[in-house]
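What follows is a short report on a single structure.
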Amino acid sequence: MQSHRGEWSSKIGFILAASGSAIGLGNIWRYPYIVGKNGGAAFVIIYLLIVVIIGLPYMLGELALGRSSQKNPVGAIGAIKPGSWWKGVGYLGVLTGLGILSFYGVIAGWTVGYVFKMFSGAPGNFAAFISEPVQVTLLLAFFIFITAAIVHGGVSGGIERWSKILMPIMFVLMVILIIYAVSLPGSGAGLRFYLMPDFSKIDGNVILAALGQAFFSLSLGMGLMITYGSYVTKSDDLFSSAGYIVFFDSLIAIMSGLIIFPALFASGQDPEAGAKLVFVVFPELFMNMPFGAIIGGIFFILLSVAALTSTISLLEVPVAFLVDEKKFHRKQIVWVVAGIAFLLGLPSALSQGANEFFSNFGLIPERLADPDFLSQMSFVFGDFSLAFGALLLSIFIGWVWGAKAAAAEIAQGSRFFGKVFNIWVIMMRYVIPLSIFIILLNLFGLFN
Ligand code: TRP
């Protein structure tokens, strides 16, 4: 039974695929602009605390549920609590995957556009580029198509091999960019903004943003780690694997901040510029350095690849559900799901100036999200849905399945988990659900 569902070829293969899912636009595009919006260094500290205290133990819970049931989120929950409404949490995850894929594909499309713009030597104006309706629609279609083609043909071989080559190159390139950015005159103010905390900037909204960013960046809260965990063998060490995934993901995010903030302050730009930060600051940085057009082009290729290993995982969750539970053929249903993601992505693609209605959609209050459709989708699926899903999943894992059963699953194959077994049980049952709950209450303005 195991063999027909598929399995990671090795522990490294699993760590790479899961890190590939985690590392993406969330680290290099979203993280710096969220840090910029939320006041810099103090946010970074809160973010890292949440990653270690909530993100890591929660990730273990999802992985354990997946490996124990060998199923997608809906199937995994159904196996433990048949015929209950808890299955709805699995459905929410499937829907959230589609929702994130739709707007994520738009931004991933822009990164592909920027590969060509950088190589051409004249990146031009970002606002003009993203408000051009035909271009952005074609780029979205292209990115969703490539994603679907890979999920269609089976993920492991190609993607694992590509990640092994491309991720280290990306890492080296980022190190070079850090050295360059830090050496720019005037970059010190950026380092201070990024590394010297001012705790007066912390309030409830900042903590919510940190939690949302942590779950988004680690690919948590919608059952992705249940799905990927379901392909892990019993003899693998989930505990150390999760440690590596969390470490790599945080490292890449921190490094991206070390490039962007020094460069940003050196060129006198505003850290609160929001979603366009990376597309404006990076090209400017490249165009001022030797061989900038080539290095910039390569950088955006790698960013596209990082985004691709994430969109693959986002598409894999609804596909795995439809194949496992509804008995569709993977090779056909992939195109249907991809088509839906494309249609759902269109309003986001057109919301950056191309279409007035979607650019000023404004259904969600201004204090929570910008009025354009893409930002609103990002809030609903990328922040709220992940936090809400994680709250329900942590209650399910901690209380319905049982934290002890989950911990026993993690302990199987792990050398060191025994030492933190009891702490993890307490985290899973009390600390994680309570923290998420309080943060969600704050979302509805109860503490403001
Ligand atoms: N983690 C990815 C990023 O940082 C985005 C992503 C991929 C994701 N799969 C996910 C987010 C599943 C939440 C859930 O770019």
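Order of appearance sets the numbers: ligands from 1, and atoms from 1 within every ligand. Numbers here simply count residues along the sequence, with the first being 1. Just so we're clear, the structure is a prediction, and the values are computed from it rather than from any experiment. Heavy atoms only: backbone and side chains are in, while hydrogens, waters and symmetry mates are out.
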Which ligand 1 atoms does Asn27 reach within 4.0 Å, using its non-hydrogen atoms?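 Counting atoms of ligand 1 from 1, those under 4.0 Å from Asn27 are 4 (O).
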
Run the ring-centre check on Trp110 versus Tyr114 and record whether the distance is less than 6.0 Å.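 Centroid distance Trp110-Tyr114: not below 6.0 Å, so no.
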
Heavy-atom nearest neighbour in the protein, as seen from [atom], with distance rounded to 0.1 Å:
{"atom": "atom 11 (C) of ligand 1", "value": "Phe216 O, 3.2 Å"}
{"atom": "atom 4 (O) of ligand 1", "value": "Ala22 O, 2.9 Å"}
{"atom": "atom 15 (O) of ligand 1", "value": "Tyr104 OH, 2.5 Å"}
{"atom": "atom 13 (C) of ligand 1", "value": "Ser219 CA, 3.5 Å"}

Examine distances only and state if a side-chain atom of Trp8 and a backbone atom of Tyr228 form a donor-acceptor pair shorter than 3.5 Å.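 Pair found, side chain donor or acceptor close to backbone of Tyr228.
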
Are the side chain of Gln376 and the backbone of Asp370 linked by a donor-acceptor contact shorter than 3.5 Å?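 Here the side-chain-to-backbone pair exists.
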
Once you restrict to heavy atoms under 4.0 Å, what part of Ser313 touches ligand 1? Side chain, backbone, both or neither.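 It is the side chain that gets close, since no backbone atom is under 4.0 Å.
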
Within 45° of the axis and under 6.0 Å from the centre of the six-membered ring of Phe14, does NZ or CZ of Lys11 qualify?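 Cation-pi check for Lys11 and Phe14: fails.
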
Have a look at Gly26, Ser19, Ser21 and point out the one with the heavy atom closest to atom 2 (C) of ligand 1.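 Checking each option, the heavy atom nearest atom 2 (C) of ligand 1 is found in Ser21.
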
Atom 14 (C) of ligand 1: which of Arg30, Met222, Gln213 has the nearest heavy atom?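 The option holding the nearest heavy atom is Met222.
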
Do the rings of Phe126 and Phe129 sit parallel, tilted or perpendicular, given the 30° and 60° boundaries?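 If you compare the ring of Phe126 with that of Phe129, the planes turn out tilted.
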
Restricting to non-hydrogen atoms, name the atom on Pro197 and the atom on Ala41 that form the minimum distance, rounded to 0.1 Å.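 Heavy atoms only, the tightest pair is N-CB, 3.4 Å.
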
Ignoring hydrogens, what is the shortest heavy-atom contact between Ser351 and Phe358? Give both atom names and the distance.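 Taking Ser351 first and Phe358 second, the nearest heavy atoms are CB-O, 3.3 Å.
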
I'd like to check whether Leu25 has a polar contact with ligand 1, where a contact means an N/O of the residue lying under 3.5 Å from an N/O of the ligand.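 N/O-N/O distance under 3.5 Å: yes.
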
Does some non-hydrogen atom of Trp29 fall short of 4.0 Å from ligand 1?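 In this structure, Trp29 fails to qualify as a contact of ligand 1 - no heavy atom is under 4.0 Å.
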
